Amino acid sequence: MYALLDGNNFYVAAEVAFRPSLAGKPVVVLSNNDGCVISRSNEARALGIKMGAPWFRVSHLADSAGLVALSANFALYGDISDRMMSLAAGLGPTQEIYSIDECFIGLDGMRGDLVERARKIRGRILQWIGVPCCIGIAPTKTLAKLSNHVAKRAERKPGSYPAHLSQVCNLGAMPKSDVDELMQATAVGEVWGVGSRIGAQLQLAGVQTVHDLVRYDTGTLRSRWGVVLERTQRELQGVPCIELDESPAPRKEIASTRSFGRPITSIEPLIEAVTAFATTAAVKLRGQASVASQVLVFARTSPFREGPRFSRSCVVPVRPTRDTRHLVAAAIAGVRKIYAPGYALAKAGVMLLDLQPDDLVQGELGLDEPHEDQTQLMTALDAINQRYGRGAIGIASAGPAGATKHWQMRQERKTPAYTTNWAELPIVRA
DNA sequence: TCTGGGGTCCTAGGACCC
DNA sequence: TCTGGGGTCCTAGGACCC
């Protein structure tokens with residue numbers, strides 16, 4: 001048996017927890033660069049604002065409907081997430097943190113009333129952290145997701161599902177006829193693993209609801225859509241195919257990419273940006289004790305704007321390394337190779353590929369110039385930046401430290417890092 | 001003016017091997 | 001006229017997730 005716990009409108013909820021005056025108002029959190037809506041309060045949803053909507057298309061609602069928009073504050077969300085996950089872990093013996101706002105809990109061996117227990121945990125998270133969440137319980141992960149979906153819909157839209165399923169829903173404890181009924185009332189597109197493409201194809205094939213998918217011919221499903229969807233079907237039938245993953249393996253690739261605050265039209269700022277991206281990626285790389293042997297760098301114009309299009313990338317091989325200097329050098333070499341003048345570049349990025357654990361690196365014959373990672377130097381670099389703040393010490397091609405780069409992303413509505421920065425602690429007045 | 005960022009897995013097809 | 005069989009590895013592209 002599994003539970004899926006996930007925070008309601010998580011980013012917005014984290015913001016509201018520190019600004020209670022926003023409760024009950026239409027609030028959205030915007031992606032980096034204040035680009036798109038990535039989290040909405042129920043009130044914002046009710047205004048018809050879609051997930052992923054470009055901000056400039058809905059910003060008029062700020063005046064007409066009191067919509068409040070905030071820039072993403074990932075330091076805050078990450079910290080609130082850690083706290084929520086610690087409490088969620090009390091639900092059962094095993095936990096898989098699946099994303100910043102949701103986790104699966106393995107419930108094997110749990111006795112007693114699971115729903116009651118889940119409601120208790122939910123209450124504790126709400127009281128201690130201020131973030132509301134919903135919990136779905138079922139025999140497989142895909143069903144737990146579905147169960148969670150039911151719990152959320154039942155809370156948000158009373159009447160869409162029976163009221164007692166609101167906030168916490170246990171499909172595993174229901175008679176089959178009730179489960180069938182819920183599946184008939186749920187669109188196939190809501191299933192975990194069915195996205196927009198396959199969802200549309202299924203609809204055309206006459207599969208409208210979750211119930212239709214459960215009963216669809218397995219052979220046809222497999223030959224037309226592949227083994228992934230077959231697995232999803234089995235999971236919906238109650239056969240566990242996807243295990244709980246308590247300690248995810250290290251990443252196989254690490255990316256750092258950004259859209260620019262303003263378009264770039266020359267190579268100098270592009271080199272600055274790519275230096276910053278490679279530096280960020282290198283820190284993540286060392287954080288998981290890996291080395292990279294390929295560096296991919298890309299740059300492109302906006303796909304939404306008129307004008308000449310540009311989108312190029314190149315992969316630069318390096319000797320397996322975790323040294324920021326080597327990774328930055330490779331990224332810059334890549335930039336010089338792909339760069340062409342005459343374009344308004346909107347986005348660029350660096351990806352580290354072909355990662356391996358740093359203790360398993362193949363040695364080399366000394367046929368070439370010596371090439372040594374300065375492990376101690378990197379350790380010192382990370383420690384200094386940890387203590388004095390990101391960018392306190394870095395690579396010179398990143399440009400002057402602390403200077404505002406005109407390519408840097410816009411974040412015009414960011415709230416303080418209430419819980420992760422001493423200088424930004426909230427102040428309570430009696 | 002203005003459209004995010006970071007991942008994973010699967011499959012098909014090509015290159016190559018014997 | 002006529003052109004095998006079986007396998008691996010790599011890559012690009014497509015689909016999905018949050």
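Note that the structure is a prediction, hence the values are computed from the model and not measured. Here is the naming used below: chain letters follow the sequence lines, and residue numbers restart at 1 for every chain.
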Query raised in the report: In whole Å, what is the span from the NZ atom of Lys141(A) to the C1' atom of dC16(C)?
Result: 14 Å
Report task. Sequence neighbours left out, what passes side-chain hydrogen bond (donor to acceptor under 3.5 Å, both in side chains) with Arg83(A)? Give chain and number order. Result -> Asp79(A)
Report task. Between Ala249(A) and Arg258(A), just flag the one whose closest nucleotide in DNA chain B comes earlier from the 5' side. Result -> Arg258(A)
Query raised in the report: Quick one: do the Asn9(A) and Arg45(A) side chains pair a donor with an acceptor below 3.5 Å?
Result: yes
Query raised in the report: If you find the nucleotide of DNA chain B closest to Thr257(A) and the one closest to Val228(A), which residue's nucleotide is nearer the 5' end?
Result: Thr257(A)
Report task. Report which part of the nucleic acid Ser196(A) touches: base, sugar-phosphate, or nothing (heavy-atom distance under 4.0 Å, all strands). Result -> sugar-phosphate
Query raised in the report: Taking the inter-plane angle between the rings of Trp407(A) and Phe277(A) on a 0 to 90° scale, is it parallel (under 30°), tilted (30 to 60°) or perpendicular (over 60°)?
Result: perpendicular
**Report entry** Length of the line joining Leu229(A):CG and dC17(C):P, which is rounded to integer Å
**Finding:** 11 Å
Report task. Taking the six-membered ring for Trp and the single ring otherwise, decide whether the centroids of Phe104(A) and Trp192(A) are under 6.0 Å apart. Result -> yes
Report task. Give a yes/no answer on whether the side chain of Arg231(A) brings an N or O atom under 4.0 Å of OP1 or OP2 in dC10(B). Result -> yes
Report task. Find the distance Glu253(A):CD to dG6(B):C1' and express it as a whole number of Å. Result -> 9 Å
Requested in this report: Under 4.0 Å between any heavy atoms, over every strand shown, what does Asn33(A) touch: base, sugar-phosphate, or nothing? Just pick one.
Outcome: nothing
Query raised in the report: Can you name the side-chain hydrogen bond (donor to acceptor under 3.5 Å, both in side chains) partners of Gln408(A), sequence neighbours left out?
Result: none
Query raised in the report: Which listed nucleotide (dA15(C), dC17(C), dG4(B)) is nearest to the side chain of Ile198(A)?
Result: dA15(C)
Requested in this report: Take atom CG of Asn148(A) and atom C1' of dC17(C), then tell me their distance rounded to the nearest Å.
Outcome: 15 Å
Query raised in the report: Which part of the nucleic acid, if any, lies within contact of Asp101(A), taking any heavy atom under 4.0 Å across all strands shown: a base, the sugar-phosphate backbone alone, or nothing?
Result: sugar-phosphate
Query raised in the report: With sugar-phosphate meaning primed atoms plus P, OP1 and OP2, does Ile254(A) contact a base, only sugar-phosphate, or nothing at under 4.0 Å between heavy atoms?
Result: sugar-phosphate
Query raised in the report: With a 4.0 Å cut-off on heavy atoms, is Val37(A) in touch with a base, just the backbone sugar-phosphate, or nothing at all?
Result: nothing
Query - Quiz item: Arg57(A) side-chain donor-acceptor pair to dT3(B) base, under 3.5 Å - result: yes
